[in-house]
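Here is the naming used below: chain letters follow the sequence lines, and residue numbers restart at 1 for every chain.
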Number of protein chains: 2
Amino acid sequence: MKGIRRLAQHLDISIGTVSRALNGRPDVNEETRRRVLEAAERLGYVANQSGRSLRQGTTNIIGFMMQTGTEITGQGDTFFMSVFDGVQAVFARHKLDLVALLCSSEEDPTDYLRRVVARGFADGLILSATRRHDPRIEFLAERNIPFVTLGRSLTDAGRPWLDLDFEGMAQIAIDRLVARGHRRIAVTRPHDDANLGYVFVDRCREALAAHGLPLEEELIFRSTPNETGGYQIARELLALKDRPTAALLVNETIAIGFYQGLSEAGVRPGRDIAVIGRYSPHAHFLSPPLTCFRLSLRDLGIALAETLLSTMPAFRDHYPQALVNAVWPMELVEGESDGFLVNGDESRG
Amino acid sequence: MKGIRRLAQHLDISIGTVSRALNGRPDVNEETRRRVLEAAERLGYVANQSGRSLRQGTTNIIGFMMQTGTEITGQGDTFFMSVFDGVQAVFARHKLDLVALLCSSEEDPTDYLRRVVARGFADGLILSATRRHDPRIEFLAERNIPFVTLGRSLTDAGRPWLDLDFEGMAQIAIDRLVARGHRRIAVTRPHDDANLGYVFVDRCREALAAHGLPLEEELIFRSTPNETGGYQIARELLALKDRPTAALLVNETIAIGFYQGLSEAGVRPGRDIAVIGRYSPHAHFLSPPLTCFRLSLRDLGIALAETLLSTMPAFRDHYPQALVNAVWPMELVEGESDGFLVNGDESRG
DNA sequence: TCGGCCACCGTAAACGTTTACGGAACTATG
DNA sequence: CATAGTTCCGTAAACGTTTACGGTGGCCGA
């Protein structure tokens, strides 16, 4: 005898009553409930998930979909762990568990999602590494499966998403660099699938235009969002005839490679070139410390969770005013990598 | 009408036959099977996971348990993503899915595991961040739940585990440094819960003893396994009256902080002090490039998967000679951070 | 005393699969 | 033709839970 039957037999009451007692139903005597809870605790009973979800069509599990292999996201070591932490802080209140759905780099993400959803694996989903055109969004929307994406795409109109405020970052950084005399500013962007690149570069262009400056094509650098990519960008940048005096790095992990690329050519950030990047745990330990944009990833995780739950009928009431579409602001952390003024129009030969 | 019933109705055959056809049972006409598979594909049918696992008591899911928040493991996303990649390469052959079971930093890992297991969540488990005394091992062993741990502990006798070869790393590094004339070598270790610290430091001590050298207590540095920890170690190390001439860093992410701590005091790795660490994607981009120990995390993931499956009756036959207890060798990647000889016994004042 | 209401509990039917079992049709064998 | 064996398929019982429904007993008011 196993499961709830064992518990019921042990207490000499029916399994229906046991279930009602455990699930907090009102129509059960408080004394009985106490006995049930006590026995469940003592016997280590936990309801079987398959039986429960088969019956009620719900899993109490939320999936955070991500892809394995590190080349794709390029987000730093601690990025997801911090986001998870925030998500769980919210989920814990509702007895929801969070699992990371790991899509192999071999498999098409949409196929994977299809499989996961059809199996009835999770009640809701958080999608990361959103592509510019992402079929997953349409797929989930068609089936009325609760989800929220971390990252905008072109096809998410009316769908819940949160994103980092890359436009704000572009605006602030460009204004700051221009105010310090920079006229030729290099910007980076990841591969073409990532919407972030378009959003970021477009705003950089606008911000420069507001100062009457162009964004020349040769100053837009494309790379893999990892250390090696940063190194390559530095090499390409230094090879230009008319070198930029500043660089704005949109990815987290590329700064360290970028620094190294500069260093090998004897170019020092903060003295020979201004560098602004994204925060990561090592940003402060670079030489010189990186001026960068930081945000609370834990808070972002909390917001993601609240946004998702606000789209789910069972939890909607708890989060009436959750954000549905929002960019998450980043604050500028002053390092020493952008601390010099350009005197005049031509700064280098 | 949903699920397998819909499919059966559509084909005008019984659900039993449909199920048998889909599951590759022999007692079904090949023509029928073809029709079923074709219809399933066209209607997008996928068996409901709850129903299936309720009936057969199996989930086709393997959980990789890890804790959110980064303070504990000190291993970055890139570490686990690479391991996942290897694990999935094996699981894909058996139609197994991998999910990351994310234990909140708020919750006790053993409590979490208890919940997950009792719910019948996964057929098998991979445990990471194993503690020196880890109750999870006993818990799983008692219940005959297939598992393998990544990392040894004191209480895993007879249980399957894989680990990095920290002893080999200690031996090679110490021998190398001693051969280059170093007599005072600093070593690092993480917090007291991690078994790795004991394994590593003990072997360092033995290796030194083989050369007739002591490992002085003041040369054993304890820190959090992150960038800040590395920085603090550098500060403490430089504050010693009798400075070591070499440092051996056992964690991945601390090198960058360590470098910065040295740099602020004008001490340069590879010239003023020899530094040997662990590989990470940025090791090559430090100045000077870090001499470090590297391994293929993907291969480690493959081995983890094979080890786990070899303990599961359903897959045992496929992996007769899988490793059960093994340390995973690391290779030395020569950088420039340990490239100098100490001439004489006293190297610094 | 009787009917009605309430608090509590037992019964049994679902949820979607898999699979043991038996039976129907057909083939082979004597 | 009878029998045995084979191939295929339908039936129905599980798996463990939740929950609609109905029933029992007690209490209260008329």
**OP:** Please report the closest heavy-atom contact between B:Leu113 and B:Phe139, naming both atoms and the distance.
**Re:** CD2-CD2, 4.0 Å
Original post:
Taking the side chain from A:Ser19 and the backbone from A:Ile15, do they hold a donor-acceptor pair closer than 3.5 Å?
Top reply: no
**OP:** Mark yes when over 12 heavy atoms from residues, nucleotides or ligands other than A:Arg33 sit less than 6.0 Å from its CZ; otherwise mark no.
**Re:** yes
Original post:
Rounded to the nearest Å, what distance is computed from the CG atom of residue B:Leu7 to the P atom of nucleotide C:dG16?
Top reply: 14 Å
Original post:
To the nearest Å, how far apart are A:Arg5 CZ and D:dA14 C1'?
Top reply: 10 Å
Protein-nucleotides 20-27 of chain C N/O pairs under 3.5 Å:
unit_1, atom_1, unit_2, atom_2, d
C:dA20, N6, B:Arg20, NH1, 3.3

Subject >> Nearest-Å distance for atom pair CD/P, residues B:Gln9 and D:dG10 >> reply: 14 Å
Subject >> Nearest non-hydrogen partners of B:Pro146 and B:Thr311, listed with the distance >> reply: CB-OG1, 3.8 Å
Original post:
Does a side-chain N-to-carboxylate-O contact under 4.0 Å join A:Arg35 and A:Glu38?
Top reply: no
Subject >> Contact under 4.0 Å: A:Gln56 side-chain N or O vs D:dT19 OP1/OP2 >> reply: yes
**OP:** Decide if atom CD of A:Glu138 counts as having more than 12 heavy atoms of other residues, nucleotides or ligands within a radius under 6.0 Å.
**Re:** no
Subject >> Length of the line joining B:Ile4:CD1 and C:dT19:P, which is rounded to integer Å >> reply: 11 Å
Original post:
Just checking, is any N or O donor in the side chain of B:Ser153 or B:Asp134 under 3.5 Å from an acceptor N or O on the other one?
Top reply: no
Subject >> Residues in contact with DNA chain C, drawn from residues 29-52 of chain A - heavy-atom cutoff 4.0 Å >> reply: A:Asn29, A:Thr32
Original post:
In terms of heavy-atom contacts, does CZ of A:Arg132 have more than 12 from other residues, nucleotides or ligands at under 6.0 Å?
Top reply: yes
**OP:** May I ask you to decide if B:Val28's main-chain N or O and B:Thr32's side chain share a donor-acceptor pair within less than 3.5 Å?
**Re:** no
Original post:
Just to confirm, is there a sub-4.0 Å distance from OP1 or OP2 of C:dC9 to any side-chain nitrogen or oxygen of A:Thr17?
Top reply: no
Original post:
To the nearest angstrom, how far is B:Ile15 atom CD1 from C:dT18 atom P?
Top reply: 9 Å
Original post:
Any idea which heavy atoms bring A:Asp156 and A:Arg152 closest together, and the distance?
Top reply: OD2-CA, 3.4 Å
Subject >> Spacing of A:Leu54 atom CG relative to D:dT17 atom P, expressed in whole Å >> reply: 12 Å
**OP:** Starting from C1' on C:dC8, measure out to CD1 on A:Ile13 and report it in whole angstrom.
**Re:** 11 Å
Subject >> Length of the line joining A:Leu11:CG and C:dG10:P, which is rounded to integer Å >> reply: 11 Å
**OP:** Just do the side chain to side chain donor-acceptor pair (under 3.5 Å) check on B:Ser310 and B:Thr307 with the steps written out, would you?
**Re:** CA-CA 5 Å; B:Ser310 77; B:Thr307 300; 5.6 Å; no
Original post:
Which angle, to the nearest 10 degrees, lies between the helix axes at the two ends of the helix from C:dT1-D:dA30 to C:dG30-D:dC1, each defined by five pairs?
Top reply: 60°
**OP:** From the options D:dG10, D:dT18, C:dC9, select the nucleotide whose nearest atom is closest to the side chain of A:Val28.
**Re:** C:dC9
